[in-house]
Amino acid sequence: MTVTRFCPSPTGLVHVGAMRTALFNWAHARHTGGTFVFRIEDTDAARDSEESYRHLLDCMRWLGLDWDEGPEVGGPHGPYRQSERHEVYREVAAKLVAAGHVYESFSTNEEVEARRRAAGQDPKLGYDNADRSLTDAQKAAFRAEGREPVLRLRMPDTDLVWADLIRGEVRFAAGSVPDFVLLRGNGVPLYPFTNPVDDALMGVTDVLRGEDLLPSTPRQLALYQALTDVGVAQGTPRFGHLPLVFGEGNKKLSKRDPQSNFDVYRERGFLPEGLVNYLALLGWAIADDRDVFSPAEMVEAFDVTRVSANPARFDLKKAEAINATHVRALPVDDYVARVVPFLARAGLVADPPTPGQDRVLRAIAPMAQERTVVLSDAVGLLGFLFTEDVEVDPAAAAKNLRPEDGEVLDAAAAALRDLEEWTTPRIEQALKEALVEGLGRKPRQAFGPVRVALSGRTVSPPLYESIELLGRDRTVRRLENARETHTRG
RNA sequence: GCCCCCAUCGUCUAGCGGUCCAGGACGCCGCCCUUUCAAGGCGGUAGCACGGGUUCGAACCCCGUUGGGGGCACCA
């Protein structure tokens, strides 16, 4: 039975890289029929917020990553917020102290640095294990000075090695990692301690995390040895270090980078399944000749050991292309349902739409769908169908509503004003007769002005269908308005 | 500086010693379709970082070089 977990800390914005990590852990658990644990690592009171916590849950649910154990779901190993687990850490720490795996350390950073320099070493080497064998008298003396000791784990003097699920064997030489702090002087537990303790207690078997955490793995290994020794853990989990997600440059996508904000993809109208698909591609491939798939297909095929070890750049263009194919694949009803919130937010339709709006939406949907990359595109694409008048884009007017285009608007209005049968085929026939045959214009020169006058843009859904949906009144009025305001010089 | 990771088209990748003068996708460029834009169809552009080995044979294995990245907190 495999148990994976996702354990973000609720600080600020949700990062796409974090959601990629969540996705892979989820997919691995689902593929293997295992358990997916969701845990909140809010041990940093200064940076964590309740709002961020709620938002994290919302993002997970929106993406479709359901958890078997975790907040609001419960489970046998709760609570699942570290801020509620301080007692657990205190107890485990006591066991480690009793077994001699950890010791009190009084050195300040300044003292460590001074000692390193005095020895002619780089201060970057960090703590020098100097407090490993302090006598009781020495400890008492430090306390007398008012110092509060931190608790450090005594690192083993052997190489620390593991078989990474993605990278194969990784080895850190004995002595290359200094004893690290488990608990602060004030007794507050730190991430390098709480993370493995909770993983152990929650029975996590497979740890999939970002490569940025790889250098801390030897410490986790050492802690696991100690935890196993005192009976808190029953062995060490497998580790798999996922490739980093890069941004535009050759750098890890940072929280500062706007592209890293998961919300912007939701707000622009990426489909959850489209984003899952693209995120999955960041380090994984379903087949050599295919890269569009559903979450279910991903679960079916996902194999962690096939995840690539090299960093992946987040490519917005590709993400959009993948999303667009998911949009196109939507059943029409589904497309309408998903696009309504965006149109409603823009004030174009009611939510739910009125019967009239619904009729227009369903009619235009198939044509809008293949022109939609992200759902918010529908606002610009369909807006003209849901307003009384159009606001004509000045650039579009400059291009297609010049003085010499006035005749087209006149002819179009005349042809449509008294058209007896207001249907797409009849509209097409009437316009072709009036503009192409009548005025002798090339189709491009004939329909361009009409399109801009009606939709306000040079790009729109197919014209005749749009005209039918617009109705006679609005169509004729817009043609006349455009004639007045744009082609009279 | 020290430790570690990585190295196939611009980008994401397939490739797990011969079937690869390297396949797919995005992007880009043509053409077709066409009332615009899309979609769709067809075609094209472009890559195994370098040097040594191992082997009958290397994109695939080993070593080195170079390059890129990550980490070095009483943050997570």
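Naming: A, B, ... by sequence-line order, numbering from 1 per chain.
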Can you measure [X] atom [atom1] to [N] atom [atom2] for me and round it to whole angstrom units?
X	N	atom1	atom2	result
A:Glu211	B:A7	CD	P	10 Å
A:Asn186	B:C74	CG	C1'	8 Å
A:Asp288	B:U8	CG	C1'	15 Å
A:Asn310	B:C16	CG	C1'	15 Å
A:Lys252	B:G70	NZ	C1'	7 Å
A:Asp291	B:U11	CG	P	17 Å
A:Leu182	B:A73	CG	P	16 Å
A:Phe180	B:C75	CZ	P	14 Å

Return the nearest nucleotide to the side chain of [X]; candidates are [options].
X	options	result
A:Pro311	B:A76, B:C6, B:G70	B:C6
A:Arg306	B:C75, B:G69, B:A14	B:A14
A:Leu190	B:C6, B:C4, B:A76	B:A76
A:Lys251	B:G70, B:C6, B:C74	B:G70
A:Tyr464	B:A76, B:U11, B:U35	B:U35

Taking the [atom1] atom of each, how far is [N] from [M], in whole Å?
N	M	atom1	value
B:C28	B:C37	P	15 Å
B:C50	B:A7	P	15 Å
B:U45	B:G24	P	12 Å
B:U8	B:C20	C1'	12 Å
B:A46	B:C75	C1'	43 Å
B:C26	B:A39	P	10 Å
B:G53	B:A59	P	15 Å
B:A22	B:U13	C1'	13 Å

Need one value for [X]: base, sugar-phosphate or nothing, where a base atom within 4.0 Å counts as base even if backbone is also close, heavy atoms only.
X	result
A:Asp289	sugar-phosphate
A:Val170	sugar-phosphate
A:Leu463	base
A:Gly185	base
A:Leu213	base
A:Val150	base
A:Gly210	nothing
A:Lys124	base
A:Arg209	nothing
A:Glu41	sugar-phosphate
A:Arg313	sugar-phosphate
A:Asn109	sugar-phosphate

My understanding is that a pair needs two contacts under 3.5 Å, Watson-Crick or G-U wobble. By that rule, which nucleotide pairs with [N]?
N	result
B:A46	none
B:U11	B:A25
B:A38	none
B:U55	none

One thing to verify: whether [Y] and [X] come together as a salt bridge, which I'm taking to mean a side-chain N less than 4.0 angstrom from a carboxylate O.
X	Y	result
A:Glu407	A:Arg441	yes
A:Arg171	A:Glu169	yes
A:Asp199	A:Arg5	yes
A:Arg85	A:Glu41	no
A:Glu113	A:Arg115	no
A:Arg143	A:Glu104	yes
A:Arg338	A:Glu273	yes

Identified side-chain contact (heavy atoms from CB on, under 4.5 Å) partner of A:Leu348 from the options A:Leu382, A:Leu385, A:Thr387: A:Thr387

Steps toward side chain to side chain donor-acceptor pair (under 3.5 Å) verdict (A:Asp206, A:Thr4): CA-CA 5 Å; A:Asp206 296 61; A:Thr4 67; over 6 Å; no

A:Lys317 side-chain N/O to B:U11 phosphate OP1/OP2 under 4.0 Å: no

Under-4.0 Å side-chain N/O to phosphate OP1/OP2 contact, A:Thr43 with B:A76: yes

Test of ring centre spacing under 6.0 Å for A:Phe293 and A:Phe302: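 That pair fails the under 6.0 Å test.
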
Near-ring test A:Phe314/A:Tyr265, centroid separation under 6.0 angstrom: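 Here the rings of A:Phe314 and A:Tyr265 have centres that are less than 6.0 Å from each other.
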
A:Tyr278 vs A:Phe447, nearer the 5' end of RNA chain B by closest nucleotide: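 In this pair, the answer is A:Tyr278.
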
A:Tyr191 or A:Asp315, whichever maps to the more 5' nucleotide of RNA chain B: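 Going by which nucleotide is closer to the 5' end, it is A:Asp315.
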
Those residues of residues 240-250 of chain A lying under 4.0 Å from RNA chain B by at least one heavy atom: A:Leu244, A:Phe246, A:Asn250

Check: A:Ala321 main-chain N/O paired with A:His326 side-chain donor or acceptor under 3.5 Å: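 Not at all, since once roles are kept as given, no pair shorter than 3.5 Å links the two residues.
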
Between protein and nucleic acid, restricted to nucleotides 37-41 of chain B and to nitrogen or oxygen atoms under 3.5 Å apart, what atom pairs and distances do you find?
unit_1, atom_1, unit_2, atom_2, d
B:C37, O2, A:Arg371, NE, 2.6
B:C37, N3, A:Arg371, NE, 3.2
B:C37, N3, A:Arg371, NH2, 2.6
B:C37, N4, A:Arg371, NH2, 3.2
B:A38, O2', A:Glu370, O, 2.6
B:A38, N1, A:Glu370, OE2, 3.3
B:A38, N3, A:Glu370, OE2, 3.2
B:G40, OP1, A:Arg328, NH1, 3.4

Spacing of CZ belonging to A:Phe172 relative to CZ belonging to A:Arg219, to within rounding of 0.5 Å: 10.0 Å

